[in-house]
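Below you'll find the structure, written out as structure tokens, and then a few comments.
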Amino acid sequence: MSESETPKFRYTAALANEIEPRWQAYWAENGTFQAPNPAGELADPAHPRHGAPKLHVQDMFPYPSGAGLHVGHPLGYIGTDSYTRYKRMAGFNVLHPMGFDAFGLPAEQYAVQTGTHPAVTTAANVERYKNQLRRLGLAYDDRRTFATTDPDYYRWTQWIFLQVFNSWYDPAVRKARPIDSLIAAYEEGSRIAPGRPWAELSPVERRKLIDDHRLAYVSEAPVNWCPGLGTVLANEEVTPDGRSERGNYPVFQRSLKQWMMRITAFGDRLVEDLDTLDWPEPVKMMQRNWIGRSRGAHVDFPVGDETITVFTTRPDTLFGATYMVLAPEHELVDKIAPASWPADTNAKWTGGADSPAAAITAYRAEAAAKTDEQRTEGKEKTGVFTGAYATNPVNGASIPVFIADYVLAGYGTGAIMAVPGQDERDWAFAEVFELPIIRTVQAPADFEGAYTGEGVAINSDWLDGKGVVEAKAEMIAWLEQHGHGRGATTFRLRDWLFSRQRYWGEPFPIVYDETGLPVALPESMLPVVLPDVDDFSPRTFDPEDADSEPETPLSRKKDWVNVELDLGDGLKTYTRETNTMPQWAGSCWYELRYLDPHNDKALVDPDNEAYWMGPQRDGDCGGVDLYVGGVEHAVLHLLYARFWHKVLYDLGHVSSFEPFRKLFNQGYIQAYAYRDARGVIVPAEEVEELGGRYYIRNTEEVFREYGKMGKSLKNVVTPDEMCEQYGADTFRVYEMAMGPLDVSRPWETRAVVGSQRFLQRVWRLVIDEETGAVRVGDEPLEPAVRKHLHRTIAGVREDLDELRFNTAIAKLIELTNTLTPLPAVSREAVEPLVLMLSPFAPHLAEELWGKLGHSGTLAYSAFPVADPEQLKAESITYPVQVNGKVKARVEVSPTATEDEVREAALAAVDDVVAGRTPKKVIVVAGRLVSVVV
RNA sequence: GCCCCUGUAUUCCAACCGGCAGAGAAGAUGGUCUCAAACACCAUACAGUGUGGGUUCGAAUCCCACCGGGGGCACCA
């Protein structure tokens, strides 16, 4: 049979599948990848890395879906695994943990579909993921794993919620402080309650006042209601076209009573601290955009007895404000509108209505009927006059007040002063409604339209001649001095909507008493365990039914909702909060729990936090040393996690003020998909290529497209298949070798064989394929080979430090190819090669390391270090260019002086120069010589 | 519309501060092994760097414009 012809001891998939589980079992039994803590239960003074410099590397933990992993998912995990294996060998105490983000909509939806409890399906999915990850040989400290759904974990999620609830933001010190300090300030009179004095307030009034300052608070406000999902959503979970990110259902603005988190209080710090982070610039940009900080001024415009306050970033242009615009929903609209149109009202302003009230009603109806998309798509500005005139505080000018849907109720004050000369939108509106345009910034000659650039102020009285920056500052000073306004900063960021009408999430540690106000449960009552219910499905509605009312699954469980508790003033009846926390809650702080996963006294022991995540020098933000994940979490998870971390920092629970010091976005593995002539997706594995065209069943032509890997495209390849066909090491090497970690690339199963051939060559270097004997001897290397070895060591270290795994592997292949044809196989080269390969192909390396006569694991063996002597070249070959073309090469000693090199080079190109006198001779040390004639 | 990233052999990708365009992999072609094939091994070929300008002794690399691909933002006052 043909089997007998494959050498018995060749490195094949079958051999890999024998070696790999064996080493995985060894690592697990010996706790090889356990990292010692400085304090507590996980401390271990006998550990080889006890007291070593630390390195905390983390992946964005997965959401264990029912579908399991495909080959794209572990790309980042293999990257961090290779990096941490290297760093561990290089002497670091490496923390590389893995957990599971298991609460949330998909698990719940899957559970509803299959009729199984989400706890059951989640546990099964987590188990499956763990097995898949283990099969890849990922070196996690498995004592530190958890799922966010574990009551021991979400106990602390609830605990953090209580910290947030029991805090307020003190703008004077720009930080969160315990709520007791606010109560004390009111009591002692250092802070004055608005309206009536604190002493005269009833207990309920006092609670309401305090509740209004908490960082977690209940508010009745317009929120994103998604009937199709049966829950409200955070702004971050709604797409720009007003649909749910998950499920793509319509989202409606509804005023509902919901939990909010005061993330806006941290807007400044969330923007400013981005500068301390080593993050990809696009991600920082997305966060800045999302937070949307604008500096400018609030300006008060009197309208009769009322005052309209606007926000503007251009107070310097106030002299050019020729009209005002309010959002249609603005609360002053009805108050300022007179009963009838003023005399001489431009017919274009009235929308054809008989009275301002009629015009306003009609316009509001028109605006409400438009979707966001329709509203922004139409370039033509619409609006209607309110009939009212306001007074421009700088020059007393009487200017008309309009409503228009290009002004958004939710941003700034929902009102603007319109300066058509310097704002494109205002210009467009002014053209439609024939409003005057006054330029207040000198535009370049022949400039048409709104000028938004730099220039000196004109038509602006005392500001004339000043630049934009100076004019802004002077105008703000003037406004403040005369009581017409003040400097202000606004944010696009809204407070975080924190409650969901879902079952599968963390319950709030909150009950309500007879006043209907929230009462925090004491820490001793945590965790509030998610109760078992018969019906965990959410109440969903017709996706278009905007008027439906949310209903929480937990509210159905009456015997849980109504509870008798003693919260310090005797046994009383309370009602539990029945909303649950959003999916993001558990991932907002998990990086901290890895540090001290079993601590039941504290979120994390301060010594352990300071060691793993504390600032490393003055001004350092601290945090995880390397955090790897997809760019899709650029705003959601990464913004929320930063916010919670800052609250914990302010309250003294952590020493780092940012959770993730360095962020790296890995690329995606994409895959080809194929459609037949009808446009139906066909299974990718059945497609064959022939001369650049693609066929299925040998006859039918199909057409290739490029996209994500997924069930619906029938192009999923799983790591399990890869392990079976090639082994985990080959799969790992392939994923790391196919390109830089941050580049998206296509998956190509047939190319995997290249990585297998490489590992086979390494194996063959050590082991005789026919006999299984070790072929390695102790003879020294040829000097040239030794130099190559040390160049490789230096290069591989540098590449690994920079996460350039693909080029590191290329260098290892190169070294292997140098060693392969040599008559003798020297230990001097093979041992470093095996050690350098071990981050990528750990099982194979462990196996060979054992065969080379070492006992135990190589995980703590020193990573090879290049000998600087060996990196010095014995001679340098200089290419010699004449007029930019290489004409000759000269070999000189590395110690040769510039003059010697020049002389040698000129001699070498003597025939080309042919007697002409060189105009210029450039010697670039160590590089080349350039001769110009 | 604005902003960011990106364009190198058939394909995925290298090329550090501007200095000989090629490290690695796949595929192709030819060969060794084999009765034959597969595996494995050996060898060979394949681009002047999207286009057009500029700076420079010298440009894939720096600058400008345009074209193509990817991403973000988009009435945010």
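In this text, all values refer to a predicted model and were calculated from it rather than measured experimentally. Naming: A, B, ... by sequence-line order, numbering from 1 per chain. All heavy atoms count here, side chains included; hydrogens, waters and symmetry mates do not.
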What's the closest nucleotide to the [X] side chain, out of [options]?
X	options	answer
L408(A)	G19(B), A40(B), A77(B)	A77(B)
K381(A)	C75(B), G27(B), A23(B)	C75(B)
M286(A)	G72(B), A14(B), C75(B)	G72(B)
V407(A)	A40(B), A77(B), C12(B)	A77(B)
N817(A)	A14(B), A25(B), A77(B)	A25(B)
R492(A)	A77(B), C73(B), G19(B)	C73(B)

For residues [X] and [Y], is any side-chain donor paired with an opposing acceptor at under 3.5 Å?
X	Y	value
N817(A)	R761(A)	yes
W290(A)	E236(A)	yes
T792(A)	E814(A)	no
Y411(A)	S294(A)	yes
T309(A)	D300(A)	yes
Q666(A)	D742(A)	no
E748(A)	Y734(A)	no

Problem - Of V635(A), T264(A), V271(A), the residue whose pairing with I291(A) passes side chain to side chain contact (heavy atoms under 4.5 Å, CB included) - result: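 Among V635(A), T264(A), V271(A), the one that satisfies the side chain to side chain contact (heavy atoms under 4.5 Å, CB included) with I291(A) is V271(A).
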
Can you tell me, in whole Å, how much space there is between the [atom1] of [N] and that of [M]?
N	M	atom1	answer
C62(B)	G18(B)	C1'	8 Å
C73(B)	C66(B)	P	25 Å
U49(B)	G19(B)	P	16 Å
A38(B)	C46(B)	P	26 Å
C41(B)	G7(B)	C1'	37 Å
C64(B)	C4(B)	P	11 Å
G30(B)	C13(B)	P	29 Å
A25(B)	G31(B)	P	22 Å

Problem - Aromatic ring pairing Y11(A)/W763(A), orientation class (parallel under 30°, perpendicular over 60°, tilted between) - result: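 Tilted.
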
Practice task
Please work out which of the three classes, parallel, tilted or perpendicular, describes the rings of H633(A) and H637(A), given edges at 30° and 60°.
Solution key: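 Plane angle over 60°, so perpendicular.
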
Once you round it to whole Å, what is the distance between [atom2] of [N] and [atom1] of [X]?
X	N	atom1	atom2	answer
K811(A)	C16(B)	NZ	P	11 Å
K708(A)	G71(B)	NZ	C1'	13 Å
H788(A)	A23(B)	NE2	P	11 Å
M285(A)	G71(B)	CE	C1'	13 Å
N665(A)	U6(B)	CG	P	14 Å
I922(A)	G18(B)	CD1	C1'	12 Å
R732(A)	A25(B)	CZ	P	20 Å
Q287(A)	C4(B)	CD	P	19 Å

Exercise for the section: Sequence neighbours left out, what passes side chain to side chain donor-acceptor pair (under 3.5 Å) with R791(A)? Give chain and number order. Expected result: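 Scan of R791(A) (side chain to side chain donor-acceptor pair (under 3.5 Å), adjacent residues dropped) gives none.
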
Across the strands shown, which category fits [X] at heavy-atom distances under 4.0 angstrom: base, sugar-phosphate, nothing?
X	answer
V743(A)	sugar-phosphate
S755(A)	nothing
E281(A)	nothing
V753(A)	sugar-phosphate
R757(A)	sugar-phosphate

Handout entry: Cation over ring face, K381(A) and Y406(A), 6.0 Å, 45°
Key =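 That pair qualifies as a cation-pi contact.
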
Problem - Of E798(A) and A751(A), the one whose closest RNA chain B nucleotide lies more 5' - result: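 First, find each residue's nearest nucleotide; the 5'-ward one identifies E798(A).
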
Exercise for the section: For E748(A) and for I416(A), locate the closest nucleotide of RNA chain B by heavy-atom distance; then report the residue assigned to the nucleotide nearer the 5' terminus. Expected result: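 First, find each residue's nearest nucleotide; the 5'-ward one identifies E748(A).
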
Practice task
Pull out every residue in residues 761-768 of chain A that has a heavy atom closer than 4.0 Å to any atom of RNA chain B, ordered by number, or say none.
Solution key: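 Residues of residues 761-768 of chain A under 4.0 Å from RNA chain B: R761(A), R764(A).
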
Exercise for the section: Taking Watson-Crick and G-U wobble pairs with both distances under 3.5 Å, convert RNA chain B into its dot-bracket string, 5' to 3', dots for unpaired and | for cross-strand pairs. Expected result: (((((((..((((.....[..).))).(((((.......))))).....(((((..]....))))))))))))....

Handout entry: Presence of R745(A) side-chain N/O under 4.0 Å of G70(B) phosphate oxygens OP1/OP2
Key =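 No, because none of the side-chain N or O atoms of R745(A) sits under 4.0 Å from OP1 or OP2 of G70(B).
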
